[in-house]
2 protein chains.
Amino acid sequence: MPKSPRHPQPNQFALSAVLEALSDPIRRKIVQQLSQQGERSCSTFGAYASKTNLSYHLARLRLAGLVRIRPEGRRRMLSLRYDDMEARFPGLLRAVLASARNERSKIKTSEAPGRG
Amino acid sequence: MPKSPRHPQPNQFALSAVLEALSDPIRRKIVQQLSQQGERSCSTFGAYASKTNLSYHLARLRLAGLVRIRPEGRRRMLSLRYDDMEARFPGLLRAVLASARNERSKIKTSEAPGRG
DNA sequence: GCAAACGTCCAATGATTCTTGAACAATCAT
DNA sequence: ATGATTGTTCAAGAATCATTGGACGTTTGC
């Protein structure tokens, strides 16, 4: 694998890039998992996209400042840059994660209360 | 002008559509102005894009659930659907608006502490 | 060195998005 | 009805994004 990739600093984060990154369901899912389960290798997310495509999505998350990628052996460990995001855009990531959780339980809201 | 356009209900709002809508600087600027100055006519935002292009951006905001468009005479009045957004995705719009305000004051952060 | 495991980089393709201009529609004033 | 105002709709082009396959680089193990 190539060298360690570039990571922007918090004061370089662009709101447009962050929102674009989070607007994609695959990328949002990855961010969600990282927030729940902590650091993980790229291959953990192999089910969400092909190898190449996953690399593309991870690069977008990285360039937006949302994730950090750290080489370890022949793997690359992914982690959420929650604190950096919080420093730059307070409350934003938290709100998006909460909204994503909330949306999952969207199906069926008003209708047929029935008995169950 | 055609009939009154379609507006989705809060339980139909999609997080991806909302984040996509807010990821564009022009659309975010419009949302920002609406949040600060209340209801306004489309033409108020004529400086941000051409007539046709503006109509396109406003349609995206509308379909995402972010704005309501109401015909009044020969104008169309725009307003932010803040409460509907808050009901569907609590804290999200507030966080984005705060982030947008914050970003504006980004230029020059760490450098030349000097004496002032 | 050679092969397998894990990912990245590049070029190409298909799908969306953004932007524009021309034509159309509704309202207001004369 | 005529014309000006205010926006929408349609078709088309430019730009960007998403996805894929093939080649390549790095680490691990024989």
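The sequence lines fix the lettering, A, B, ..., with proteins before strands; numbering per chain opens at 1.
- In this structure A/Arg40 satisfies the side-chain hydrogen bond (donor to acceptor under 3.5 Å, both in side chains) test together with A/Gln37, sequence neighbours excluded.
- With sequence neighbours excluded, the residues satisfying salt bridge (charged side-chain N to carboxylate O under 4.0 Å, His left out) with A/Arg81 are A/Asp84.
- Map A/Glu72 and B/Leu58 each onto its nearest nucleotide of DNA chain D; the residue landing nearer the 5' end is B/Leu58.
- One can place CZ of A/Arg74 at 15 Å from P of C/dT8, the figure rounded to the nearest angstrom.
- Taking atom CG of residue A/Leu78 and atom C1' of nucleotide C/dG7, one finds them 11 Å apart after rounding to whole Å.
- Remark: A/Glu20 engages A/Arg60 in a salt bridge, criterion side-chain N to carboxylate O under 4.0 Å.
- When A/Val18, A/Leu19, A/Val96 are each tested for a side-chain contact (heavy atoms from CB on, under 4.5 Å) with B/Val96, only one passes: A/Leu19.
- Between the P atom of C/dC18 and the CG atom of B/Leu63 lies a distance of 13 Å, rounded to the nearest Å.
- With sequence neighbours left out, the salt bridge (charged side-chain N to carboxylate O under 4.0 Å, His left out) criterion links B/Arg62 to no other residue.
- B/Arg68 and B/His7 share no side-chain donor-acceptor pair at under 3.5 Å.
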Enumerate, atom names and distances included, each donor-acceptor pair closer than 3.5 Å involving a side-chain atom of residues 45-52 of chain A, sequence neighbours excluded.
unit_1: A/Tyr48; atom_1: OH; unit_2: A/Gln33; atom_2: NE2; d: 2.6
unit_1: A/Ser50; atom_1: OG; unit_2: A/Asn53; atom_2: N; d: 3.2

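- Candidate nucleotides C/dA4, D/dT8, C/dT8 were compared by shortest atom distance to the side chain of A/Arg76, and C/dT8 ranks first.
- The pair B/Glu72-B/Arg70 meets the salt-bridge criterion, with a side-chain N (NZ, NE, NH1 or NH2) lying under 4.0 Å from an Asp/Glu carboxylate O.
- When rounded to the nearest whole Å, the span between OH of B/Tyr48 and P of C/dT20 equals 16 Å.
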Every protein N/O lying under 3.5 Å from an N/O of nucleotides 16-20 of chain D:
unit_1: D/dA18; atom_1: OP1; unit_2: A/Arg27; atom_2: NH1; d: 3.4
unit_1: D/dA18; atom_1: OP1; unit_2: A/Arg27; atom_2: NH2; d: 3.1
unit_1: D/dA18; atom_1: OP2; unit_2: A/Arg27; atom_2: NH1; d: 3.2
unit_1: D/dA18; atom_1: OP2; unit_2: A/Tyr56; atom_2: OH; d: 2.3
unit_1: D/dA18; atom_1: OP2; unit_2: A/Arg60; atom_2: NH1; d: 3.1
unit_1: D/dT19; atom_1: OP2; unit_2: A/Asn53; atom_2: ND2; d: 3.2
unit_1: D/dT19; atom_1: OP2; unit_2: A/His57; atom_2: NE2; d: 2.8
unit_1: D/dT19; atom_1: O5'; unit_2: A/Asn53; atom_2: ND2; d: 3.2
unit_1: D/dT20; atom_1: OP2; unit_2: A/Ser50; atom_2: OG; d: 3.2

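- DNA chain C lies under 4.0 Å from at least one heavy atom of each of the following residues of residues 28-46 of chain A: A/Ser41, A/Cys42, A/Ser43.
- The interatomic distance linking A/Arg70 (CZ) with C/dC6 (P) rounds to 17 Å, in whole Å.
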